[in-house]
Each structure stands twice: as structure tokens, then as C-alpha cells.
Q: 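The following block contains the structure, expressed as C-alpha cells.
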Amino acid sequence: MVSADQQSILNFLQCSPDAYFSAMEISRKAGSRKQFAENPRWAVHPLRHLLDMRLVERDEQAHYRIAPPPT
């Protein structure tokens, strides 16, 4: 089960499944303006959990994208 924040991140990443995004850009674009203003790094913790669940993947520059479906 994913949280509301995690689902917001997944929804954002699904719009561009081949693109990688920084945690800061995900924080800015996946949540509300108010959420970003209160905590510009709000997405870091949910991203860690999504990474553990293998729903997202991270590249060498610590940018994230939605994990491709298993083959």
C-alpha cells in the first residue's frame, strides 16, 4: 500500500516514464505549492520507500524515474 504522497510522486513520474527527475524537482512538481513552500524536500522520504518497494529507480546522479515493468 502506498501513501498519498507516494501516489502523488508515482502519478507525476508516470507522465514521463523514461525521464529522470531530481528529488527537488519531484518535490516541486508532484505536490502542491503549499506543500513545497512548507518543506521543499518533502518527497525525499517517500522516494526512499518507493525505492525500497522497487516502484521507482535511481540513476548515478540520484535522479528518479518510475521503474519499468518486470520482464
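The chain is numbered in sequence order, starting from 1.
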Q: Sub-3.5 Å donor-acceptor pair from the side chain of Q7 to the main-chain atoms of A4, do we have one?
A: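 No; zero donor-acceptor contacts below 3.5 Å.
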Q: What distance separates S27 OG from F21 CZ, expressed to the nearest 0.5 Å?
A: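 With rounding to 0.5 Å, OG (S27) is 13.0 Å from CZ (F21).
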Q: Could you report the tightest heavy-atom contact between A30 and F12, atom names first, then the distance?
A: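 Taking every non-hydrogen atom into account, CB-CB, 3.8 Å.
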Q: Which value, rounded to the nearest 0.5 Å, describes the distance between I26 atom CD1 and S8 atom OG?
A: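 The OG atom of S8 is 12.0 Å from CD1 of I26, to the nearest 0.5 Å.
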Q: Report the distance from atom CE of M53 to atom NE2 of H49, rounding to the nearest 0.5 Å.
A: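 Reported to 0.5 Å precision, the distance equals 7.5 Å.
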Q: Keeping S16 on the side-chain end and A19 on the backbone end, is there a donor-acceptor pair under 3.5 Å?
A: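 No, the answer is negative, given that no donor and acceptor are paired below the 3.5 Å cut-off.
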Q: Nearest 0.5 Å, what's the CG-OH distance between L51 and Y64?
A: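 Those atoms lie 6.0 Å apart.
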Q: Find the distance between CG (D18) and CD1 (I66) and round it off to the nearest 0.5 Å.
A: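 One finds 11.5 Å between CG of D18 and CD1 of I66.
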Q: Is there a donor-acceptor contact under 3.5 Å linking the side chains of Q35 and N39?
A: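 Side chains of Q35 and N39: no pair found under 3.5 Å.
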Q: What's the spacing between M24 CE and F36 CZ if we round to 0.5 Å?
A: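 Output value for this atom pair is 5.5 Å.
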Q: Do L47 and V2 share a hydrophobic cluster (ILVMFWY, side-chain heavy atoms under 4.5 Å, transitive)?
A: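 Same hydrophobic cluster.
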Q: Under 3.5 Å, is there a donor-acceptor pair between the E57 and Y20 side chains?
A: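 Side chains of E57 and Y20: pair found under 3.5 Å.
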